[in-house]
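Atoms within a ligand are numbered from 1 in the order they appear, just like the ligands themselves.
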Amino acid sequence: MKRTPMIAGNWKMNLTIAAGVELVKTIHYTHRHPGEVDVVVAPPFTALRAIADTLNDSYISVAAQNIHWETSGAFTGEISAVFAKDAGAEYVIIGHSERRQYFGETNETVNKKVKAAFLHGLTPIVCVGETDAEREAGRVHEVINTQVEQGLAGLTKGQFENLIVAYEPVWAIGTGKTATGQQAEEVHASIRELLVKLTGQEAAEKIRILYGGSVGAKNAKELLSFPNIDGALVGGASLKPQDFVEIIKSAGAL
Ligand code: PGA
């Protein structure tokens, strides 16, 4: 089955409003029509509205980098799906390894956030990935399967069909160490097998599984050539317009 590739840029805690607006304008102007590829950028919350307004009528959509699972109330410092959507987001990254590592994100909170995203009309990009030590110990599949099963527990078939999974080996994030296409494809294929068990063949075939971890202009094309690698979640290289455009092009040329 043909899935439209997706290239998503995760800006993390980078770029002020002005710098972000300039970046997306550059991307938009240098690469006007990517063809069959969905392009998403995830700015910090403070820049969401400005970026969404700048990208109005463009082919690029906006994502939040996190949400809280409650809708509103006494949760000082938190942002719910309602507010992210109100600020112009259509997608939300959930369970990024930095959130798991530094902010106590668990498979259980990931699951609550995924449900909250769907409830309020955001499409979740759910991140999973093993650490170096887990890979060394031969635990890749066990770790990933648990993250997927628990993170996506209790979803409807319709929700499964619409969500996006991102496989991001923790040892490859921001390190310059990319998984080889073969290594990534092996995990992507096993995630899809598990998704078939969880929601059936038809829905599982529709789910896009992105790869993330030191994706750049040089390695994107090779990674994206594998059948179960349906796009990329890009950190560092998404801050460099030329590189990000090259990555978009390599997906469009599939
Ligand atoms: P990186 O980050 O591309 O800088 O490795 C990827 C991510 O964390 O999503």
Exercise. Counting only N and O atoms by type, is there a donor-acceptor contact under 3.5 Å from the side chain of Tyr211 to the main-chain atoms of Gly213?
Worked result: yes

For this session: Check whether any side-chain N or O of Ser214 sits under 3.5 Å from a backbone N or O of Gly176 as a donor-acceptor pair, and report yes or no.
Result: yes

Distance under 4.0 Å to a non-hydrogen atom of [X]: what atoms of ligand 1 satisfy this?
X: Ser214; result: 1 (P), 3 (O), 5 (O)
X: Asn10; result: 9 (O)
X: Lys12; result: 2 (O), 7 (C), 8 (O)
X: His96; result: 7 (C), 8 (O), 9 (O)
X: Gly213; result: 5 (O)
X: Ala172; result: 5 (O)

Give a yes-or-no answer on whether the side chains of [X] and [Y] include a donor-acceptor pair shorter than 3.5 Å.
X: Thr123; Y: Asn162; value: no
X: Thr109; Y: Glu105; value: yes
X: Glu130; Y: Tyr167; value: yes

Check: [X] N/O within less than 3.5 Å of ligand 1 N/O:
X: Gly212; answer: no
X: Thr175; answer: no
X: Gly236; answer: yes
X: Gly174; answer: yes

Exercise. For Glu22, does the CD atom have more than 12 heavy-atom neighbours from other residues, nucleotides or ligands under 6.0 Å away?
Worked result: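 For Glu22, atom CD is not crowded (no more than 12 foreign heavy atoms under 6.0 Å).
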
Exercise. If every non-hydrogen atom of Val37 is compared with every non-hydrogen atom of Gly252, which pair is closest and at what distance?
Worked result: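 Minimum heavy-atom contact is CG1-CA, 4.1 Å.
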
Problem set entry | Heavy-atom closest contact (Ala116 atom, Trp69 atom, distance) |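 That would be CB-O, 3.4 Å.
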
Exercise. Nearest protein heavy atom to atom 9 (O) of ligand 1, by residue and atom, and its distance?
Worked result: Glu168 OE2, 2.6 Å

Problem set entry | Distance from atom 3 (O) of ligand 1 to nearest protein heavy atom, with residue and atom |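 Scanning the protein heavy atoms, the shortest distance from atom 3 (O) of ligand 1 goes to Gly235 N, 2.8 Å.
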
Exercise. NE2 of His96 to CD1 of Ile173: how many Å apart, nearest 0.5 Å?
Worked result: 4.5 Å

For this session: Please step through side chain to side chain contact (heavy atoms under 4.5 Å, CB included) for the pair Lys113 and Asn66, ending with a clear verdict.
Result: CA-CA 8 Å; Lys113 291 178 179 191; Asn66 178 39; 2.9 Å; yes

Exercise. Does Ile173 approach ligand 1 within less than 4.0 angstrom via side chain, backbone, both or neither, non-hydrogen atoms only?
Worked result: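 Contact part for Ile173 vs ligand 1: both backbone and side chain.
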
For this session: Just let me know how Ser97 lines up against ligand 1, side chain, backbone, both or neither, with a heavy-atom cut-off below 4.0 Å.
Result: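 Neither part.
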
Exercise. Under a heavy-atom criterion of less than 4.0 Å, does Cys127 contact ligand 1?
Worked result: no

